[in-house]
Amino acid sequence: MITLGIEGTAHTLGIGIIEGDRILADVRTVYQPRAGIHPREAAQFLGENMKNSLDSALAGAGLGFKDIDLISFSQGPGLGPCLRTVATGARVLSLHHRIPIIGVNHCVAHIEIGRFLCGFKEPLTLYVSGGNTQILKLEKGAYRIFGETLDIGIGNMLDKFGRETGLMHPAGPKIETLAKKGRNFIELPYVVKGTDLSFSGILTNATEKFRSGKNSIEDLCFSLQETSFSMLTEVTERALAHLELKEVLLTGGVGNNKRLQEMLELMAEEHGAKFGVPGGYCSDNGVMIALLGEIMHKAGVRQSIEDTIVKPRFRTDEVKVSW
Ligand code: AMP
Ligand code: MG
């Protein structure tokens, strides 16, 4: 079975094509905002790039629409205009080419690609992206959220700090580079509440410290990473100790960060657990959407066009996991 997946929840238009466990195409086009992500501009970007991206994914795989057995797309959570653009594209393709369609949860797709590429069975997952920060485990037929951010996602915090300090979007990778040159640790708010987290205070405080002109950007980036990643590691460790699991999975765009990987790997090791990160597939991509669509289809999930309504606030634990 060949599945074509379309990702488009925010900044990335991703087209992935898979056949079982083989990746046949992975085309990603990323919107570069001037400041923060503007939902309407992002949606326009996705729409404008849809045809070329589809063409190049199909050409790269040496396939035509006649070869595609399933169209999967990101149904939510995400920015409404982006979700509607991608869903409309997916519906048109499905109706025109008479291919079954399936809308999937973006966060569950991040987990499943991680599980698949790391060969994990029952991991504790730390999912960290722009808009989301969650600690999850499959429990009684759903990915239960054991902890999450109470305000903004960690990636959003890093990107907003970048915007305040003149770093281009996305700021996460730039902060990682600058942090390596940081020498002095500057105390910033460390907010952990049980297994929940909050990042808005650290953003305000780090921004104020930057504006005061008393601290270097390198030291601030270093301290921002050390503080917020320690928070993430602490809550993941608490959940791991409580649930006594043997696998820790890191996924989502912020999972690209080597310092965060290092901290979590060390923590997992101390608990006798394996650590894994889906290298190259942490950031948004179409392959993960194709993979989850295929998994759900094989598990018997079917959707009509009416079922493909977008869900901007689609929660990870709303998905019934029957696979
Ligand atoms: P996603 O939506 O899952 O693709 O994640 C996007 C987020 O990941 C953005 O907030 C980026 O700033 C962040 N990000 C990407 N690479 C890195 C990195 N190396 N370090 C920290 N954050 C990163
Ligand atoms: Mg994402």
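This chain uses plain numbering: 1 for the first residue, then up along the sequence. Numbering of ligands and ligand atoms starts at 1, following listing order.
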When the ring planes of F45 and Y31 are compared, do they come out parallel, tilted or perpendicular, using 30° and 60° as the limits?
tilted
Atom 7 (C) of ligand 1: which protein heavy atom is closest, and how many Å away?
G130 N, 3.7 Å
Taking all non-hydrogen atoms of both residues, which atom of I71 and which atom of S94 are closest, and how far apart?
CD1-N, 3.9 Å
Return yes when H110 approaches ligand 1 closer than 4.0 angstrom through a heavy atom, no otherwise.
yes
For H11, counting its heavy atoms only, list the atoms of ligand 1 lying under 4.0 Å from any of them.
1 (P), 2 (O), 4 (O), 6 (C)
What protein heavy atom is closest to atom 15 (C) of ligand 1, reported as residue, atom name and distance in Å?
G253 O, 3.3 Å
Would you mind checking which non-hydrogen protein atom is closest to atom 13 (C) of ligand 1, with the distance to 0.1 Å?
V254 CG2, 3.8 Å
Does the side chain of H169 come under 3.5 Å of the side chain of R34 through a donor N or O and an acceptor N or O?
no
For atom 4 (O) of ligand 1, tell me which residue out of D284, T9, L260 has the closest non-hydrogen atom.
D284
For the backbone of I202 and the side chain of N205, can you confirm whether one donor and one acceptor N or O come within less than 3.5 Å of each other?
no
Check all N, O or S atoms of D284 and name the one closest to the Mg ion (ligand 2).
OD1
Answer yes or no for Q225: is there a heavy-atom contact with ligand 1 below 4.0 Å?
no
Check whether any N, O or S atom of C107 sits under 2.8 Å from the Mg ion (ligand 2).
no
Please could you name the atoms of ligand 1 that S129 approaches to less than 4.0 Å, counting only its heavy atoms?
1 (P), 2 (O), 3 (O), 5 (O)
Is the cationic atom of R28 (NZ for Lys, CZ for Arg) positioned less than 6.0 Å from the six-membered ring centroid of Y281 and within 45 degrees of its normal?
yes
Starting from atom 9 (C) of ligand 1, find the nearest protein heavy-atom neighbour and note its residue, name and distance.
D159 OD2, 3.4 Å
What residue and heavy atom of the protein are closest to atom 22 (N) of ligand 1, and at what distance?
G172 CA, 3.3 Å
Starting from atom 19 (N) of ligand 1, find the nearest protein heavy-atom neighbour and note its residue, name and distance.
E176 OE1, 2.8 Å
